[in-house]
Amino acid sequence: MKNNYCFWFVTGSQNLYGPSVLEEVHNNSKAIVEHFNNNMQSEYKIICKDTVKTKEEIYKLAKEANYDESCAGIITWMHTFSPSKMWINGLKELNKPVLHLHTQFNKEIPWDKIDMNFMNTNQSAHGDREHGFIHTRMHTGRKVVVGYYENPSVLKEIGKWLRVAVAASLSKHIKVARFGDNMRSVAVTEGDKVEAEIKFGWSVDYFGLGDLVAYVDGVDEDSINKLFKEYQEKYIISKETLDDSEKVDSIRYQLRLEIGIQSFLDEKGYSCYTNTFEDLHGLDQLPGLASQSLMSKGYGFGPEGDWKVAAMTRIMKIMSSNQGTSLMEDYTYHLEDGNETILGAHMLEICPTLAKEKPTIEVHPLGIGGKNPPARMVFDSKTGPAVCASLVDMGGRFRLIILDVEAIELPHKMPNLPVARVLWTPKPNLEVAAKAWIYAGGAHHTVFSYNVDADDLIDFAKMMDIEYIHINENTNIYALEKELMFNDLLWKLK
Ligand code: MN
């Protein structure tokens, strides 16, 4: 999942200050960028651009940023005062995400030395307010980060935004292959694919199962043998399973599916796919282990033809560098008084990046779809704070619903449920969270992640200019219902 994206650090000023102040400004900017590159622990490099001082320079910079495919976004900072009318033409042109950093080169006021020269050089407190005004006036959807540039919290917030901006850049290259259509009669997995390409840049294409079957049937035995060996190292396969030739054949068939689907996707440039148990013509099993493995490699996946969740899985895997992120489904509830929890799983396809320990590969009947018993990975998931996200089509617009949750230990073994699973308590509690989720129209399919949080997803929603709803510790149902009502009006006007 490596890429070559970088970010530009742009300091704004004006010629009024004269060359020596501008030189000091530029040196300070270089020092800040150096600090970021050395301490942010981000895989993305920040490049310090020349200080911009005129309308023409800002416009030129915006054009260059737009044209440069490797530039995933711009960080702006007004060390001194940069009159914002100079920024209008450039900001109108700019089509890259912007983070406005509101910081200061000096941490503390130098009480005994401070004079008017110092005051003239260190003016972010009002320079950045001028800059903020023009973004607000122009509705740029930028992110504001506030704090001393060496603060670890500032570095963390910027670092998180960088990966969201990269996901936004890569979004326009996402292609989803749909093997078969959506599950019949299901509403929430549907959506406007044209609007998805306009908003997110996603191409969502249909393929008949026969196109995929040709790839699956063409996989050679040697490739399957090699992958089988790899999986014996990587995962647990019990002796009992290995001694059962039918079960081994079932695993081998999933490896055939994995290699076949991957070759199809790679050859045609797709990073996401969907399938449905209702349309498996020419396949012997529903891809289970195959889809889990492909997700663990970073591919986006959506079951029952859910292309929105496939693309969002991919987006959140980019944001998380493919750590702790999977397709998820709200499956069943535990409604014990005061201890209400949600059991998340799917028929088979949960990504092993969630796993607490080495997953076990097992073969069991599915009880749906009428195909052979499929091999799948079985595991319990890690505990800790996480997020569930659901993208729904409201008719005329997309809404991203984000829920904060806490994943917890499974209190009991579940010997008769051989699937990967997670148990969580939603914020603020199941009653409010489920009510809010249902009022907001959230789906049963979500993307679950330990490594992406609500702030990341809100930043993404702003970059994509879509509606978002965040259900969290402070959610109040009456306020949420009003928010939904006002949003309906707002997005009709937009
Ligand atoms: Mn499902």
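Count residues from 1 along the sequence.
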Can you list everything that forms a ring-ring contact (aromatic ring centres under 6.0 Å, His included) with H135? Sequence neighbours excluded, please.
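Residues passing ring-ring contact (aromatic ring centres under 6.0 Å, His included) with H135: H131.
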Flag side-chain contact, heavy atom, 4.5 Å: [X] against [Y]:
| X | Y | result |
| --- | --- | --- |
| P287 | F301 | no |
| M463 | S171 | no |
| I350 | F448 | no |
| N487 | I469 | yes |
| L255 | S223 | no |
| V98 | T140 | no |
| I261 | Y299 | no |
| P426 | I342 | yes |

Between [X] and [Y]: side-chain donor-acceptor atoms closer than 3.5 Å:
| X | Y | result |
| --- | --- | --- |
| E258 | S293 | yes |
| S320 | S449 | no |
| T353 | Q323 | no |

Drop me the distance from [X]'s [atom1] to [Y]'s [atom2], to the nearest 0.5 angstrom.
| X | Y | atom1 | atom2 | value |
| --- | --- | --- | --- | --- |
| N472 | D404 | CG | CG | 5.5 Å |
| L242 | K239 | CG | NZ | 8.5 Å |
| T446 | L327 | OG1 | CG | 7.0 Å |
| K45 | N4 | NZ | CG | 13.0 Å |
| L257 | R252 | CG | CZ | 13.0 Å |
| E150 | L155 | CD | CG | 8.5 Å |

Heavy atoms from other residues, nucleotides or ligands near NZ of K371 exceed 12 (cutoff 6.0 Å)
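Yes, because the 6.0 Å sphere around NZ of K371 holds more than 12 heavy atoms from other groups.
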For atom NZ of K268, is the number of surrounding heavy atoms from other residues, nucleotides or ligands below 6.0 Å larger than 12?
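Result for NZ/K268: enclosed.
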Show your reasoning for whether side-chain contact (heavy atoms from CB on, under 4.5 Å) applies to D68 and W8.
CA-CA 11 Å; D68 189 337; W8 292 5; 3.6 Å; yes
Qualifying side chain to side chain donor-acceptor pair (under 3.5 Å) pairs with a residue from [range], counting only residues at least two apart or across chains:
| range | answer |
| --- | --- |
| residues 375-389 | D380-R421 |
| residues 32-42 | H35-N39 |
| residues 427-441 | none |

Shortest non-hydrogen contact from [X] to [Y]?
| X | Y | answer |
| --- | --- | --- |
| G298 | R314 | O-NH1, 3.0 Å |
| M328 | G344 | SD-C, 3.6 Å |
| Y253 | L283 | OH-CA, 3.4 Å |
| A407 | V422 | CB-CG1, 4.0 Å |
| A290 | Q254 | N-OE1, 3.1 Å |
| H102 | S124 | CE1-O, 3.4 Å |

Can you sort out the partners of [X] under side chain to side chain contact (heavy atoms under 4.5 Å, CB included), two or more places apart, ordered by chain and number?
| X | answer |
| --- | --- |
| T136 | R142 |
| K247 | E240, T241, D244, V363 |
| R163 | Y44, K160, D456 |
| A72 | Y5, F7, V166, S169 |

Assess whether a salt bridge exists between K494 and D465, defined as any Lys/Arg side-chain N lying under 4.0 Å from an Asp/Glu carboxylate O.
yes
If a pair satisfies ring pair (Phe, Tyr, Trp, His ring centres under 6.0 Å) and one of its residues is in residues 316-369, list it, with sequence neighbours excluded.
H346-H445
Scan the side chains in residues 271-279 for donor-acceptor partners under 3.5 Å anywhere in the protein, sequence neighbours excluded, and list what turns up.
| unit_1 | atom_1 | unit_2 | atom_2 | d |
| --- | --- | --- | --- | --- |
| Y273 | OH | S291 | OG | 2.7 |
| T276 | OG1 | E278 | N | 3.1 |
| E278 | OE1 | R184 | N | 2.8 |

Do [X] side-chain atoms and [Y] backbone N/O form a donor-acceptor pair below 3.5 Å?
| X | Y | value |
| --- | --- | --- |
| N372 | Q285 | no |
| K317 | M295 | yes |
| K308 | E190 | yes |
| S263 | Y215 | no |
| D453 | D455 | yes |
| S326 | C351 | yes |

Run Y149 and I158 through side-chain contact (heavy atoms from CB on, under 4.5 Å) and show every step you take.
CA-CA 10 Å; Y149 73 94; I158 297 173; over 6 Å; no
Mind jotting down which residue pairs meet the salt bridge (Lys or Arg N to Asp or Glu O under 4.0 Å) criterion with at least one end in residues 331-358? Sequence neighbours excluded, please.
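The answer is K356-E409.
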Can you give the donor-acceptor pairs under 3.5 Å from side chains of residues 386-402 to other protein atoms, not counting sequence neighbours?
| unit_1 | atom_1 | unit_2 | atom_2 | d |
| --- | --- | --- | --- | --- |
| S390 | OG | A443 | N | 3.0 |
| D393 | OD1 | G395 | N | 2.7 |
| D393 | OD2 | D192 | N | 2.7 |
| R397 | NE | E467 | OE1 | 2.6 |
| R397 | NH1 | D488 | OD1 | 3.4 |
| R397 | NH2 | E467 | OE1 | 3.1 |
| R397 | NH2 | D488 | OD1 | 2.6 |
| R399 | NE | E467 | OE1 | 3.1 |
| R399 | NE | E467 | OE2 | 2.9 |
| R399 | NH1 | A440 | O | 2.8 |
| R399 | NH2 | E467 | OE2 | 3.0 |

Hey, mind stepping through V154 and L101 against side-chain contact (heavy atoms from CB on, under 4.5 Å) and telling me if it holds?
CA-CA 9 Å; V154 168; L101 174 63; 4.1 Å; yes
Quick one, V447 with V309, criterion side-chain contact (heavy atoms from CB on, under 4.5 Å). Give me CA distance, side-chain angles, the key distance, then yes/no.
CA-CA 7 Å; V447 187; V309 89; 3.9 Å; yes
In terms of ring plane angle, is the pair Y270 and F264 parallel, tilted or perpendicular, where the classes change at 30° and 60°?
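Correct class here is tilted.
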